[in-house]
Amino acid sequence: MSRPEHLAPPEIFYNDDEARKYTQNSRMINIQLEMAERCMELLMLPEDETCLLLDLGCGSGLSGSIAEDSGHIWFGMDISGSMLKVAKEREVEGDLLLADIGDGVPFQPGTFDGAYSVSTLQWLCNADKSSHKPAKRLYTLFSTLLACLNRNARAVFQFYPENVHQTDLVVSQARKAGFFGGLLVDFPDSSKAKKYFLVLMTGGAMPMPPALGTENSQINYTSKREKMTKGRASKLVKKSREWILEKKERRRRQGRTTREDTKYTGRSRSGRF
Amino acid sequence: MKLLTHNLLSSKSLKGVKVGYPLRIVAKDVKISECEFNKEFVKKIIPKLDWKVFVNAAVEIGQTSDLSDELIEDYEDDDDYLKKVHHLLMEVEIINGELICPETDRVFPISAGIPNLLLNENEVS
Ligand SMILES: C[S@@+](CC[C@H](N)C(=O)[O-])C[C@H]1O[C@@H](n2cnc3c(N)ncnc32)[C@H](O)[C@@H]1O
């Protein structure tokens, strides 16, 4: 499989065409949403509290919709105007900024309760301009990010490292910038399900969360996900008309196929069939 | 762009800029998009804001409000007050305009609600 980051710089690769394609492929959408959910879980945010989060490389706002579902407020940064345009069309709730995260994250100290990034960090491991030095750009990202996080906040990046050299580069720059933490690999033995997460912590060395699909962690991915989904939908009575409408609205925003609302939506069936 | 974002954003990614805060705003189009009043969030975010910058920004973009330069003391129990803050912070959106770096006067255009913070090669620190 060819890597998009080898083809062109991100702001060129993610043009209008690619941005539209990206947000219409339901198989891909589901993978992005699943990874965003896992990031959200790894952030270990305080329960029942609205947090302010930063989405690094937010694209068309798929990952942001997971933050919204969990009741959080988010800002998104992305280098592609086309991706952000699609995000605006999808009426995401997050405020959007057109910016290169390799130039730094320009927020005031202590702004965010957490930061996450889905499928973006590998782009920074490439030099797209002669002036680009990946190590320096990663260091700028991590050091400015650390400065605008709250105490005890975490940052979680799902990404697609090309080789060990890249994971080493990313981890070493994050540590140099002052973060604790490291790499977490879910389903390390499955070529298909294997996923890399850079889990960064502030304010002291803490144990890494367990990876999924390994022998020493017997956590089942689907059951965990079901639990999460339950948790966040519980604000409204399950199966009520309001609950269904809210859920459908969310699915629409996420670009998933959803049936039209009618006056029958949420009514109980007569039992004849 | 919401005033919440403006209150937390700087231009310190620019080479040579020390603080880069607060950014000046020129608003050409402003839109109100209603969103749910989340009282707990407003209460939680107020201490993080630079209050004077917030009140000034609202005036700068032509929003009239009776919020004074000083944050009132017992805002946590004052629903009306919190709702006013929510409105200015979360519902007023700058659609077209400019953000301007206070140290270098570099202009960052805002179009379709999105500030363009992309830097030229020679502006990166
Ligand atoms: C695979 S998409 C992921 C989008 C979104 N996080 C999701 O999960 O659907 C990668 C995104 O990273 C963005 N990106 C790549 N390099 C970037 C950089 N240096 N700064 C900001 N965004 C970047 C691209 O424009 C693209 O929108």
Would you give the length of the straight line joining atom [atom1] of [X] to atom [atom2] of [Y], rounded to the nearest 0.5 angstrom?
X        : Y        : atom1 : atom2 : value
B:Leu117 : A:Ile79  : CG    : CD1   : 11.5 Å
A:Leu52  : B:Leu4   : CG    : CG    : 6.0 Å
A:Leu98  : B:Ile110 : CG    : CD1   : 12.0 Å
B:Ser125 : A:Lys136 : OG    : NZ    : 6.5 Å

Evaluate A:Asp113 against B:Lys44 for side chain to side chain contact (heavy atoms under 4.5 Å, CB included), listing each step before the verdict. CA-CA 11 Å; A:Asp113 303 309; B:Lys44 178 175 146 173; 3.2 Å; yes

Which answer fits B:Asn116, side chain, backbone, both or neither, if we ask what part of it has an atom under 4.5 Å from a heavy atom of chain A?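 Both backbone and side chain of B:Asn116 come within 4.5 Å of chain A.
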
Counting only non-hydrogen atoms closer than 4.5 Å, does B:Glu40 touch chain A with its backbone (N, CA, C, O), its side chain (CB onward), both, or neither?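 Answer is neither: B:Glu40 stays 4.5 Å or more from chain A.
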
If only atom types and distance count, is the side chain of A:Asp95 paired as donor or acceptor with the main-chain N or O of B:Lys2 below 3.5 Å?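 Confirmed, A:Asp95 side chain pairs with B:Lys2 backbone.
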
B:Leu9 vs A:Leu97, side chain to side chain contact (heavy atoms under 4.5 Å, CB included): CA-CA, chis, key distance, verdict: CA-CA 10 Å; B:Leu9 190 67; A:Leu97 302 170; 4.0 Å; yes

Does the side chain of A:Ile73 come within less than 4.5 Å of B:Met90's, by heavy atoms?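 Yes, at least one pair of side-chain atoms sits under 4.5 Å.
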
Non-hydrogen atoms of A:Phe112 and B:Lys48 that approach each other most closely: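 Minimum heavy-atom contact is N-NZ, 4.4 Å.
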
If I compare all heavy atoms of A:Pro109 with all of B:Lys12, which pair ends up nearest, and what's the gap?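 Where A:Pro109 meets B:Lys12 most closely, the heavy atoms are CD-NZ, 4.3 Å.
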
Please state whether the side chain, the backbone, both or neither of A:Thr144 comes within less than 4.5 Å of a heavy atom of chain B.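 When you check distances to chain B, no heavy atom of A:Thr144 falls under 4.5 Å.
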
